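These figures come from a predicted structure and were not determined experimentally. Order of the sequence lines fixes the chain letters, A, B, ..., with proteins taken first and strands second; residue numbering starts at 1 for each chain.
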There are 2 protein chains.
Amino acid sequence: MAAQTILFDFTLDSAKTADEKQRQEVAKILRNELEHVFPQLELAYSMESPENGYFSVLHENKATIITCRIFQHGLLTVNVEYFLPAGKEPIMSFDTMRTMELILRQKLDSDRSKYLPPIKRGGYIDIYMTSSDERIIEYDIDKLVYEVRSPFQKIQILHSKTLGNMLLLDELQNIAESDLIYTETLMGRGIENYEGKEICILGGGDGALLYELLKENPKHVVMLEIDELVMEACNKYLNSICGDVLEKRRSDQYEIVVGDCVEYLKKFIGEGRKFDYVFGDLTDIPITGAPVGVDWDFIRTIFEHSFKVLKPDGKFLTHGNGTSCTESLELFEEQLSLLKPKVKFTTSKAFVPSFMEEWLFYQVSFA
Amino acid sequence: MAAQTILFDFTLDSAKTADEKQRQEVAKILRNELEHVFPQLELAYSMESPENGYFSVLHENKATIITCRIFQHGLLTVNVEYFLPAGKEPIMSFDTMRTMELILRQKLDSDRSKYLPPIKRGGYIDIYMTSSDERIIEYDIDKLVYEVRSPFQKIQILHSKTLGNMLLLDELQNIAESDLIYTETLMGRGIENYEGKEICILGGGDGALLYELLKENPKHVVMLEIDELVMEACNKYLNSICGDVLEKRRSDQYEIVVGDCVEYLKKFIGEGRKFDYVFGDLTDIPITGAPVGVDWDFIRTIFEHSFKVLKPDGKFLTHGNGTSCTESLELFEEQLSLLKPKVKFTTSKAFVPSFMEEWLFYQVSFA
């Protein structure tokens, strides 16, 4: 079940949109052209104002409704909206849209025009995601593979035709089968040496980081993940990126502990247990809080506890944010600067396929 | 100069949208909530029909116009549109949108809702591109670096915050500074051995393929590019991917010929000149034709001539299309199957950052 909204716009000579009479002329050209595609078009309503130009509602049988605005600054927008029952063909094909755009561009003497692929609204699977810097990205998702609500979050596995299975937590993209580069950049493969090292992973429920670390022959890895159901989902549907580590749960070389990582960090601090590497592989938003954005107190708590279990030459490795999201990255670095004892950091970056953007990663150590 | 269109939708219990009275109730809840954001909201028009539900137009001073539809199948769509002068703050911030969505979701007892980042319309720089399988992707383009119209095509260099400079030909994305993987997959780096080989590139005006091939110590590369202005633009703005090959134009190891590749292929055929590798690095659409999609006759002509200048154990390497674009790939392979003498092919694929999708590449040789 979905509605389709198709958005066209045309840049016009502002002399053409400056007064009411000329706007009427533009509206007439538009309507004539629309009638080729929608023969039973009727005008339902129109509105004029000297400051805000022309607005009208056209419709065909009240089913397809077309609104158009002529802004006096020299811009015409046309929005076509109708309900498309599952399995039916769209009313406007790409060819129809393109043809209408080209003809109108010519008839309106427009030197710039655009139409967007139809926006699908109301579908149960959400195919539109928002990048860290608030851009719209449509994914080629064709299937909801799995969905469950754990005590902590909504867990979904969606299938993308080109990215493979994707893990979404509370509707945010976490990792996909396409994202080995994410894990390799987080761990600094080829730069860091994990052989014989003691490692602690905070979070990491998808198992990919643990799986890749074990290939580098560490002494021991302990992974602290709160959500049993995330691990079950990833073991089943993200097998290609986590191997059997979530299935087995432990070996001589690793142990997965199901629990709150902050509690376990406190326990390690009490015992004086120390690591060569601690990985912050948690979601940005504490899963116990309300989903209102990044919680800096939570992140700072994680930092503080992590550095108390790090050896003097140890490293804390974690993901930051999209590289174009400079404000958020500055806030992140501000949190780092507040830590005592002082820390220093380096960064690395990688284009992560399932994020459709470049991501920044941090390597933090004692200053 | 741009208009903003913000799209919200809410899935409703279809019992709630089944009859006129109940739709009126939903409309009332929506209007009350909208008035928190738009205090001077007025109802301009409404329309009802048993088959097509409710539609209304609300506005604030005729400047912000809000249309809403309640489809009786259980879906409410709300479209907010206004003009945003350059440098002004948007009327609805992300927080406002998110809050409105969450409150309405609760008040309407909706179990699924969505809003998209505002769609910017009418800007001179086009930030929305369409993937090969007709998905909408918004880029983080912040600058038009260069634009010129050559005798063959419109050439643009746009700057993306994360992809670097991008080359667009007739508004289609070609290559960006982020796309070494594109060139490496096209040439099969690490798989093919170019040492001492004779190579011909058809097209390749961005210079990236030539630049990378020369690192592998071939005997000689000849590149046939029709558009002088593309090479000038890339030499200046895509320097990081083409080095100085477009600046110098020739050395002992290579030569760039400005001309129609089909004419030169005919000349080579006449001379009996043969290559170990021929690269098809042209745009899909012949630049002399009308921009109406892929021209299979042109592509087949290129194939036929290319195989006539290939040594018996030579290879023709070229790009295909997005991997999710199966129909177009089948048509491409159909063209290959029509060739005489018979050919066989293998494929490889890579996620190309600036395409924001996975791309398929072909390696074709005599069967």
Side-chain angles (χ1 to χ4, degrees), chain A residues 1-3 5 7 9-11 44-45 47-49 51-53 55 57 59 61-63 65 67 69 71 73-75 77 79 81 83 85 94 112 114 116-119 121-122 124 126-128 130-131 133-140 161-163 178 292 322-324 351 353 356-358, chain B residues 1-3 5 7 9-11 44-45 47-49 51-53 55 57 59 61-63 65 67 69 71 73-75 77 79 81 83 85 94 98 112 114 116-119 121-122 124 126-128 130-131 133-140 161-163 178 322-324 351 353 356-358:
Chain A
M1 185 196 73
T5 303
L7 304 175
D9 62 81
F10 300 86
T11 299
Y45 177 76
M47 179 161 88
E48 252 293 347
S49 96
E51 300 81 27
N52 291 294
F55 169 79
V57 177
H59 69 90
N61 307 319
K62 297 185 181 174
I65 296 182
T67 57
R69 284 190 79 167
F71 296 94
H73 322 74
L75 180 66
T77 60
N79 307 352
E81 190 168 313
F83 193 83
F94 259 74
R112 194 220 126 261
K114 178 76 180 173
L116 295 177
I119 293 171
R121 305 168 76 180
Y124 183 74
D126 190 6
I127 57 173
Y128 298 100
T130 302
S131 71
D133 55 339
E134 298 172 350
R135 286 177 292 118
I136 177 174
I137 295 170
E138 182 177 350
Y139 281 69
D140 59 348
K161 287 189 229 169
T162 52
L163 305 167
S178 55
V292 288
T323 54
S324 56
F351 189 94
M356 301 257 189
E357 63 178 311
E358 195 183 57
Chain B
M1 186 197 71
T5 304
L7 305 175
D9 62 82
F10 300 86
T11 299
Y45 176 76
M47 177 163 89
E48 253 293 347
S49 96
E51 301 81 26
N52 291 294
F55 169 79
V57 178
H59 69 90
N61 307 319
K62 298 185 182 173
I65 297 182
T67 57
R69 285 190 76 167
F71 297 93
H73 323 74
L75 180 66
T77 61
N79 307 354
E81 192 168 312
F83 193 83
F94 260 75
R98 187 178 176 81
R112 193 220 127 261
K114 178 77 181 173
L116 294 177
I119 293 170
R121 304 167 77 180
Y124 184 73
D126 190 5
I127 57 173
Y128 298 101
T130 302
S131 70
D133 55 340
E134 298 172 351
R135 288 177 290 118
I136 177 175
I137 296 170
E138 182 178 350
Y139 281 68
D140 59 349
K161 287 189 230 170
T162 53
L163 305 167
S178 55
T323 55
S324 57
F351 188 93
M356 302 258 189
E357 62 179 311
E358 195 181 59

query = Which bit of B/Leu116 comes within less than 4.5 Å of chain A, counting heavy atoms only: side chain, backbone, both or neither?
reply = side chain
ask   = Where the side chain of A/Glu138 meets the backbone of B/Ile136, is there a donor-acceptor pair that is under 3.5 Å apart?
value = yes
key: Residue among B/Ser49, B/Ala44, B/Ser131 with most heavy-atom pairs under 4.5 Å to chain A   = B/Ala44
query = Parallel, tilted or perpendicular for A/Phe83 and B/His73, by the 30°/60° rule?
reply = parallel
task = May I ask you to decide if B/Asp9's main-chain N or O and A/Arg121's side chain share a donor-acceptor pair within less than 3.5 Å?
result = no
request  = Please flag which part of B/Ser324 lies under 4.5 Å from any non-hydrogen atom of chain A: side chain, backbone, both or neither.
outcome  = both
note = Scored by heavy-atom pairs under 4.5 Å with chain A, the best of B/Phe94, B/Phe71, B/Phe55 is B/Phe94
key: Largest heavy-atom contact set with chain A, pairs under 4.5 Å, which of B/Asn61, B/Ile137, B/Thr130, B/Thr77   = B/Thr77
task = Using non-hydrogen atoms and a 4.5 Å limit, figure out which bit of B/Met356 sits close to chain A: side chain, backbone, both or neither.
result = both
ask   = Side chains of B/Arg69 and A/Glu81: closer than 4.5 Å at any heavy-atom pair?
value = yes
ask   = Does any heavy atom of chain A fall under 4.5 Å from the side chain of B/Tyr128, the backbone, both, or neither of them?
value = both
task = Check step by step if side chain to side chain contact (heavy atoms under 4.5 Å, CB included) holds for A/Asp126 and B/Lys114.
result = CA-CA 8 Å; A/Asp126 190 6; B/Lys114 178 77 181 173; 2.7 Å; yes
